[in-house]
Amino acid sequence: MAPGLVETAIEVTQVATKDLKATVKPTGNIHNYVPGRTTVKKHDETYKYEDLRPRFPDITWPALTPVEYNDKGLLGDANFKNLISAATDVFDYNPKVGTEIHGVDLANLTDLQKNDLARLIATRGVVFFRDQKNFGVDEQRALGKYFGELHSHATTAMPRREGLEDVHVVYTGEDSPDLRALFTPTFLWHSDVTYEEQPPSYTSLKVLSGPPRGGGGDTLWSSQYAAYDMLSPYMQKYLESLTAIHSADLQAQGTRELGRTVRREPVTTAHPLVRTHPVTGWKSLFFNPGFVTKIVGVPKTESDAIIALLNEIVATSPEVQVRFQWNEGDVAFWDNRVCNHSASYGFAPHRRHAVRVCCRAERPYLDPESKSQEDDLSARYGIPKANKDGSGIVNYND
Ligand SMILES: [Fe+2]
């Protein structure tokens with residue numbers, strides 16, 4: 001029942017089973033329709049991406065040390081003109097997050113276009129490109145390096161080919177178990193490696209092999225700019241005073257239990273719960289359902305309540321989310337500072353194989369003078385702001 005809706009008394013009529021049977025007429029053989037039916041591709045020894053299949057080498061690395069980061073988005077054109085002028089089509093998925101661009105080859109961008117790309121990703125959270133045939137893993141790394149020093153993951157798979165230790169492999173084989181039961185849907189939402197002192201910014205994921213349309217395996221992103229804007233001014237102010245603990249411990253523990261090597265010792269880092277983006281100047285929530293274990297300096301009951309509230313906002317607010325249905329060769333480029341993302345399962349028996357590259361960014365900070373996305377866009381373009389006072393009568397659900 002929707003809030004505010006008053007229902008009248010319901011009159012229940014008992015219907016005998018034999019009467020129901022009499023009213024149901026056969027409509028043909030409906031069992032010929034298999035929901036979500038897709039053709040499963042057979043992969044043999046000549047698999048095109050054999051060198052990018054996963055491996056978990058028994059090697060170790062020292063702790064990360066601080067790195068200088070200069071955000072290329074700051075050099076981008078305010079109207080993204082170098083990038084947009086090369087596109088054949090540009091459209092947003094919704095006002096808050098997600099833009100798709102056609103006609104642009106990520107493997108052949110000028111530096112001006114790369115700067116615009118960074119600025120656009122920072123602004124829109126995630127940008128999608130279809131069928132990027134020329135954008136192989138070497139080109140993907142080269143573009144990532146243009147944005148900053150590449151991050152090497154301490155526990156997840158890397159490609160079989162040597163020299164790609166900074167590439168993260170996502171791989172689900174035809175025989176892989178379905179992992180849905182191992183995660184709550186909320187926990188599956190995350191931004192990547194936020195326990196690092198300098199968590200990543202611009203992150204690209206290319207799907208090499210995957211289910212065809214309708215076969216599942218979509219990825220979802222949730223805007224943390226928009227999540228911040230869903231909070232009341234009072235809650236925004238309160239959360240701006242807090243830091244959250246992001247921990248790699250659980251990830252490391254799971255890796256060891258699988259008998260794999262943790263290549264770099266797990267770290268635990270306190271980050272501001274609200275951060276400022278250096279390019280857009282907008283405030284965003286910096287919360288991560290997958291890695292935040294505690295809010296610092298408040299009683300556990302309160303910490304748990306804040307985490308539960310933010311989990312709900314990030315994971316269950318459709319208007320701050322975008323969902324992308326992949327085809328092979330598609331690329332998603334997101335700003336890991338201002339988006340959480342989530343996988344979706346249920347695509348067996350398709351193989352799903354993707355490679356991710358990301359760069360280390362600035363240490364998160366909050367500039368108290370920075371603006372929210374909604375406030376800024378409202379002031380500049382007259383976009384109406386959400387009513388947050390909770391008043392009024394609601395009768396929405398039908
Ligand atoms: Fe991820």
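Basis for what follows: all heavy atoms, side chains included, without hydrogens, waters or symmetry-related copies. Numbering of ligands and ligand atoms starts at 1, following listing order.
Separation of atoms OG (Ser223) and OH (Tyr228) is listed at 13.0 Å; rounding is to 0.5 Å.
Tracing side-chain contacts under 4.5 Å through hydrophobic residues (I, L, V, M, F, W, Y), one reaches Val320 starting from Val274; they form part of the same cluster.
Partners of Pro278 by side-chain contact (heavy atoms from CB on, under 4.5 Å), not counting sequence neighbours, listed by chain and number: Asp71, Arg337, Glu362, Tyr365. Applying the ring-ring contact (aromatic ring centres under 6.0 Å, His included) test to His271 and every residue at least two apart in sequence or in another chain returns His246, Phe286. In this structure Thr255 satisfies the side-chain contact (heavy atoms from CB on, under 4.5 Å) test together with Thr155, Arg260, Val262, sequence neighbours excluded.
Any protein N/O/S atom under 2.8 Å from the Fe ion (ligand 1) was counted, giving 3 altogether.
Using a 30° and 60° split on the angle between ring planes, Trp282 and Tyr225 fall in the perpendicular class, above 60°.
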